[in-house]
Amino acid sequence: LIHGLCRLGNLEEAGRLVKQMVNSGLPLDGITYNTLISGCCKQGKVDEGFKLKDDMVKQGFKSDLYTYNTLIHGLCNKGKMDEARGLWTELKGGGLVPDVHLYSVMMDGYFKASKLEEGKSLFDELVNQKLVLNVVVYNVLIKGYCGVGNMMEAFRLRDEMKAKGINPTVGTYSTLVHGLCGAGRVGEAKALFDEMREENLLPNVVCYTALIGGYCKLGEMENAVSIMQEMTACGVAPN
RNA sequence: GACACCGUUACAA
C-alpha cells in the first residue's frame, strides 16, 4: 500500500499509513524506509529522503544500495552532481559496491548536467569492473552522445550493444530518432523505423512523436501530418 | 534449521 501511494505521489496518505503502523506497534523495516525515500525523491523532496535515511539508521537499519541509489537519483534529477558524487564516495567508504543501477543513475545525471566526460568515464569504469552491462546502461550512454549531437558514436554504441547480445529497445530507437531529428536528419530518422521493425520492435507513440517533431522543426508540416496519420493507421494513438 | 518463493532503486518524445 505504501509503495502504491508513493508511486502515485500521495505522500500524505502514505505518511498516514506509516503512523497507523507505528501506532499499532508495527515497526517500519528497511524496505519500507527505502520505499518512502523513493516516494520523497520522486516528488523532488530529497531533503525529506535524507531525514528518513537518518531515521532508519537510528532505528538500527543499514542504508543499502537501494537507499543510496534512490537518494543519488533524487540528487541527479536536481542537477546536484557534486552532492551525488559525495554520496557515491560515502557508500563506497561504507563498504557498499556500486551496482549497474547506480552507474546508470550517475551516468544519466552527468549527461543531463552536460558533463559528458564524467559520464563516459563512469561507463569505462563500469566496463572495467566487469559488472554485467545491460540495455539501460547503453540507452543512457547513447542518450549522452545524442545530446551532444555525436550521432556517429551513438550508432557505434547501438552496434556495440547488439554485438554483445544486448538487444536495443524501443527506447533506444526513440533516443536515436530524436537525436537524428535534432540534427535535422529526419530522413535517416524515418529510415530507422524500418530497422526497428526488422528487429521486431514496434515503434510507439514516443518514437512517432520524435519524428513528427523533426518534420515540424524543418517546417515540413505536411510530412508531420502524414506521420500522424501513419501512426494512427498502425494502431498507435496520438496523445 | 535448510531450501524455495517474496514488498523497495536506473533509461526515450
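Bear in mind that the values here come from a model prediction, so they are computed numbers and not experimental data. Letters go in sequence order (proteins before strands), and every chain restarts at 1.
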| note | Residue pairs passing the ring-ring contact (aromatic ring centres under 6.0 Å, His included) test with at least one member in residues 166-204 of chain A, sequence neighbours excluded, are A:F193-A:Y208

Pairing of [X] and [Y] as salt bridge, 4.0 angstrom limit:
X	Y	answer
A:E195	A:K162	no
A:K120	A:D124	yes
A:D108	A:K112	yes
A:R85	A:E118	no

| Any chance NZ of A:K62 has more than 12 other-residue heavy atoms, nucleotides or ligands included, within less than 6.0 Å? | no

| message | Within a 6.0 Å radius of atom CG on A:D82, are there more than 12 heavy atoms belonging to other residues, nucleotides or ligands? | response | no

| query | Is the closest side-chain donor-acceptor distance between A:T172 and A:T169 under 3.5 Å? | reply | yes

Among [range], which contact RNA chain B at a heavy-atom distance under 4.0 Å?
range	answer
residues 20-34 of chain A	A:D29, A:I31, A:T32, A:N34
residues 115-123 of chain A	none
residues 207-226 of chain A	A:T209, A:A210
residues 146-169 of chain A	none
residues 70-93 of chain A	A:T70, A:H73

State which residues pass salt bridge (Lys or Arg N to Asp or Glu O under 4.0 Å) with [X]; sequence neighbours excluded, sorted by chain then number.
X	value
A:R7	none
A:R156	A:E153, A:E160
A:D159	none

| message | My understanding is that only residues two or more places apart in sequence, or in another chain, count here; which of them pass side-chain hydrogen bond (donor to acceptor under 3.5 Å, both in side chains) with A:T70? | response | none

| task | Can you sort out the partners of A:T32 under side-chain hydrogen bond (donor to acceptor under 3.5 Å, both in side chains), two or more places apart, ordered by chain and number? | result | A:D29

| remark: So the contacted stretch of RNA chain B, first to last nucleotide with an atom under 4.0 Å from a non-hydrogen atom of chain A, runs from B:G7 to B:A13

| field | Close side-chain approach of A:V137 and A:Y103, heavy atoms under 4.5 Å | value | no

| task | Check whether any side-chain heavy atom of A:V127 sits under 4.5 Å from a side-chain heavy atom of A:L133, and report yes or no. | result | yes

| query | Step by step, would you call A:D54 with A:K51 a salt bridge (Lys or Arg N to Asp or Glu O under 4.0 Å)? | reply | CA-CA 5 Å; A:D54 290 342; A:K51 281 186 205 156; over 6 Å; no

| message | Please classify the nucleic acid contact of A:V140 as base, sugar-phosphate, or nothing, using heavy-atom distances under 4.0 Å. | response | sugar-phosphate

| Hphob cluster co-occupancy, A:L131 + A:V105, side-chain heavy atoms under 4.5 angstrom | yes

